[in-house]
Amino acid sequence: MLTVAVEGCCHGQLNAIYRSLPKPVDLLIICGDFQSIRNRADLECLAVPQKYRQMGDFQDYYTGRRIAPVMTIFVGGNHEASNYLSELRYGGFVAPNIYYLGRYGVIWYKGLRIAGISGIYNETNFLKPRKETLPYDRSTIRSVYHYRNTEVTALKLLQPSNETIMVSHDWPEGIYEYGRKDQLLRCKPFFKSDMEKHQLGSPPLMALLRHLRPSHWFSAHMHVKFEATVSWKPSQENEKINKEEIELELNDASEETADLPTRFLALDKCLPRRKFMEVFRLAQLDVPTKLAGLDFFYDPEYISILRTVELYRKDIESAGLDLPEELITTLHRECDRQRILLEDLETHKYRELLQINSQFSVTADASAKEVQEYTNPQTVQFIEKFLAQP
Ligand code: 5GP
Ligand code: MN
């Protein structure tokens, strides 16, 4: 079993968050608005009103003055050093012991399989290809943190898995129907009109939740704690619970796991008296045989998908909201081909490729004031490993 702490929005408050951790924990997951601000230049790339433009705690972790006391994994939100996160778009260490999952990613850490998507939903930009370059203007400083259909599509190519933990910043739209909606509305009455319009959260993420059926889904963004349980038992969904049938099903172990519900939990930001952290005891999965003994590695299915999506990026981007069946079939077929190519590698090569190196290095100077682009060696290595060869 692993002890995992989950935190809602970070907003640069790493010191307070680490102080709030019960001891000991094996992992901390942060659900966005992380604000990995290295220097003054990064502040220029953060979309916030002027009064919130603060350095926050991250710089000390970046320069090594402080060390994250526990492995920390996070996704991006809508307040980020978007330039820095773009330099690490396939994920990587932003500081020693602090790992960014990338625009989307799936990794294994000590027997937990964690998937994530960064950013928030925006209807206008969802279907637009990414084009943001530095320096950001008033428009691109926002669109840069809007996740795109290509990224959600990639995660939808994963097989459904009730052994996966999913992390996002904004909520799957409609998740409030699966918990104490009345309490939520008492706390946040102004959510009502958005709920009525089905605009409280992200429709594509709800579609992803329905496809993936993960064991847990953690989010933040709304600055309120909210729990929900989504059951996948068909009989329950129809509200015709046949008790005998369920008892029968419970005797069958495989049926039982196939129907495991998704537990959704959204947490608040780190402020006194707010519910911003929750601790879980989570069972470790059996690591795939060829990767036995590795603590931290890229999920092989994710790598096959990433390679597929890069090959078909143009087709996905021009397909619109609903991909044609033909394209979906092609994508699945290519994923299978990529998976086999990967699995055919000799064990030592396979392990070397998928292992995530914790080689953090400082790229931008902490005193830099001018926005400029840095090449991150972790991104260079990722591209060499997975995208450079056909
Ligand atoms: P952030 O910290 O990302 O700037 O904003 C979070 C705040 O925006 C929270 O207070 C949250 O309640 C509000 N918020 C985020 N998304 C929505 C939404 O879809 N509808 C409404 N009404 N408020 C939202
Ligand atoms: Mn947010």
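Every number for a ligand or one of its atoms is a count from 1 in the order of the listing. Just so it is clear, the structure is predicted and the values come from calculations on it, not from any experiment.
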Open item on the list: For Asp286, I'd like to know if atom CG has over 12 heavy atoms of other residues, nucleotides or ligands within 6.0 Å.
Closed with: no

Task: Aromatic centroids of Phe296 and Tyr99 separated by under 6.0 Å - done: yes

Open item on the list: At less than 2.8 Å, how many protein N/O/S atoms surround the Mn ion (ligand 2)? Leave waters out.
Closed with: 4

Open item on the list: For residues 11-32, which residue pairs pass the ring-ring contact (aromatic ring centres under 6.0 Å, His included) check, not counting sequence neighbours?
Closed with: His11-His79, His11-His223, Tyr18-Tyr61

Open item on the list: Taking the ring centre of each residue, are Trp171 and Phe264 less than 6.0 Å apart?
Closed with: yes

- [ ] Would you check if the distance from the ring center of Phe93 to the ring center of Phe360 is below 6.0 Å?
- [x] no

TODO: Decide if the gap between the ring center of Phe34 and the ring center of Tyr84 is smaller than 6.0 angstrom.
DONE: no

- [ ] Take the angle between the ring planes of His221 and His169 and call it parallel below 30°, perpendicular above 60°, tilted in between.
- [x] tilted

- [ ] Mark yes when over 12 heavy atoms from residues, nucleotides or ligands other than Glu346 sit less than 6.0 Å from its CD; otherwise mark no.
- [x] no

Open item on the list: Taking transitive links into account, so neighbours of neighbours count too, which hydrophobic residues share a cluster with Leu43 at under 4.5 Å side-chain distance?
Closed with: Ile37, Leu46, Val48, Tyr52, Met55

- [ ] Would you please write out the protein residues whose heavy atoms approach any atom of ligand 1 to under 4.0 angstrom, listed by chain and number?
- [x] His11, Asp33, Asn78, His79, Lys188, Phe190, Phe191, Asp194, Gln199, Leu200, His221, Met222, His223

